[in-house]
Amino acid sequence: MPATKILIVNPNTTTSMTETIGAAARAVAASGTEISAVTSSMGPASIEGFYDEAFAVPGLIQALLNAPDADAAIIACFDDTGLDAARSVARFPVVGICEAALVTAGQVAKRIAVITTLPRSIVPLEELVRRYGFAERASVTACNVAVLDLEKPGSGAEEKLEAEIALALDKGAEAIVLGCAGMADLAATLSQKFGLPVVDGVAAAVKQAEALVGLKLSTSRRGSYAFPAAKTYSGLLEKFAPKTSA
């Protein structure tokens with residue numbers, strides 16, 4: 001059987017974070033899965049809020065277009081940055097780590113706590129939680145850690161995250177979802193320490209991407225995710241103009 005090729009795109013431009021994400025993905029990938037983790041060539045160093053997210057999308061789309069032989073792709077930002085646009089243009093299924101994490105956590109627990117980085121990310125993630133149908137089961141809080149501080153020794157990031165998990169447990173959480181791809185390497189340790197499921201969206205997305213490939217399912221082209229219609233784009237976005245609708 002040929003290897004399953006999964007492309008993981010870090011839509012921010014921080015290469016060290018891509019390395020963490022790639023390692024977490026390879027740790028759970030099946031033996032017949034090849035993981036290719038790439039960093040966006042343009043955009044913000046981290047994605048923290050609506051403005052950063054908007055400017056991360058072109059680099060994400062370019063990374064997908066640069067990998068036509070992938071069998072599936074994963075967007076490694078918990079905002080599911082550009083997910084709908086990606087599904088509209090990629091010729092393979094695309095999985096968002098927020099959606100994957102919520103679906104996975106929902107299979108092992110009723111009450112879910114999503115813990116993100118900065119307070120400004122709470123509302124965007126609450127909107128995703130509602131969109132994915134988990135509004136009655138999942139709450140979103142922040143541990144007040146900047147994304148890039150997750151990699152800085154002495155930042156206190158892990159201690160703050162653990163304190164927020166403890167608060168979520170006091171409020172009745174039965175499973176924790178880590179609300180940032182930069183936390184991908186912490187899930188196993190935290191699950192063991194707190195004695196409950198701690199879900200990393202990167203790992204969850206890898207298993208769901210493998211399942212889609214194994215089931216030979218790809219993105220529907222009827223309606224919502226039809227290929228974009230050919231038209232002219234101007235200025236800096238000229239190269240992103242769709243050339244064909246099929």
Side-chain angles (χ1 to χ4, degrees), residues 10-12 14 17 20-21 24 44-54 56 74-81 83 95-205:
N10 173 13
N12 73 40
T14 301
M17 192 166 292
T20 298
I21 291 165
S46 62
I47 300 171
E48 296 169 314
F50 294 120
Y51 189 81
D52 291 338
E53 183 179 4
I74 293 167
I75 300 175
C77 175
F78 206 81
D79 290 347
D80 283 356
T81 302
L83 179 58
V95 179
I97 67 170
C98 176
E99 185 173 22
L102 288 170
V103 169
T104 300
Q107 293 174 330
V108 295
K110 277 289 189 182
R111 301 184 69 183
I112 302 162
V114 179
I115 300 179
T116 187
T117 49
L118 295 176
R120 69 184 306 155
S121 296
I122 291 175
V123 168
L125 295 188
E126 286 177 336
E127 291 181 355
L128 283 183
V129 165
R130 285 194 294 272
R131 170 181 171 177
Y132 297 143
F134 282 84
E136 295 182 358
R137 298 174 60 186
S139 62
V140 182
T141 62
C143 61
N144 203 25
V145 173
V147 170
L148 297 182
D149 283 349
L150 290 167
E151 298 185 330
K152 289 183 181 178
S155 69
E158 289 190 34
E159 292 80 2
K160 292 178 181 179
L161 175 58
E162 290 180 4
E164 195 63 33
I165 291 174
L167 287 175
L169 298 185
D170 288 342
K171 295 177 182 178
E174 300 166 354
I176 302 295
V177 167
L178 300 178
C180 177
M183 300 174 180
D185 58 337
L186 303 175
T189 300
L190 292 171
S191 183
Q192 183 175 21
K193 179 170 184 174
F194 288 97
L196 82 169
V198 176
V199 179
D200 156 44
V202 174

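Treat the numbers as computed from the prediction; the structure is a model and nothing was measured.
At a threshold of 4.5 Å between non-hydrogen side-chain atoms, the residues Leu169 and Glu174 do not count as touching. Considering only heavy atoms from C-beta on, Phe134 stays 4.5 Å or farther from Leu128 through its side chain. For the pair Phe78/Val177, a side-chain contact is recorded, criterion being any heavy-atom separation below 4.5 Å from C-beta on.
Between Lys193 and Glu162 a salt bridge is recorded (basic side-chain N to carboxylate O distance below 4.0 Å).
With hydrogens and angles ignored, the 3.5 Å screen pairs a side-chain donor or acceptor of Asp52 with a backbone N or O of Glu48. In this structure a side-chain-to-backbone donor-acceptor pair under 3.5 Å is present from Arg111 to Lys171. Here the side chain of Thr116 pairs a donor or acceptor atom with the backbone of Gly179 at under 3.5 angstrom. Not a single donor-acceptor pair under 3.5 Å links the side chain of Asp79 to the backbone N or O of Glu53. Looking only at distances, a side-chain donor or acceptor of Thr104 sits under 3.5 Å from a matching main-chain atom of Ala100. Under the 3.5 Å distance criterion, the side-chain polar atoms of Asn10 are matched with a main-chain donor or acceptor of Thr14. Judged purely by atom type and a 3.5 angstrom limit, Ser155 uses its side chain to pair as donor or acceptor with the backbone of Lys152. Arg137 places a side-chain N or O within donor-acceptor distance of the main-chain N or O of Ala109, the cut-off being under 3.5 Å. A donor-acceptor pair under 3.5 Å is absent between the side-chain atoms of Asp185 and the main chain of Ile21, judged by distance alone.
More than 12 heavy atoms of other shown residues, nucleotides or ligands fall within 6.0 angstrom of atom CZ in Phe50.
Minimum heavy-atom separation, Thr81 to Pro11: CB-CG, 4.3 Å.
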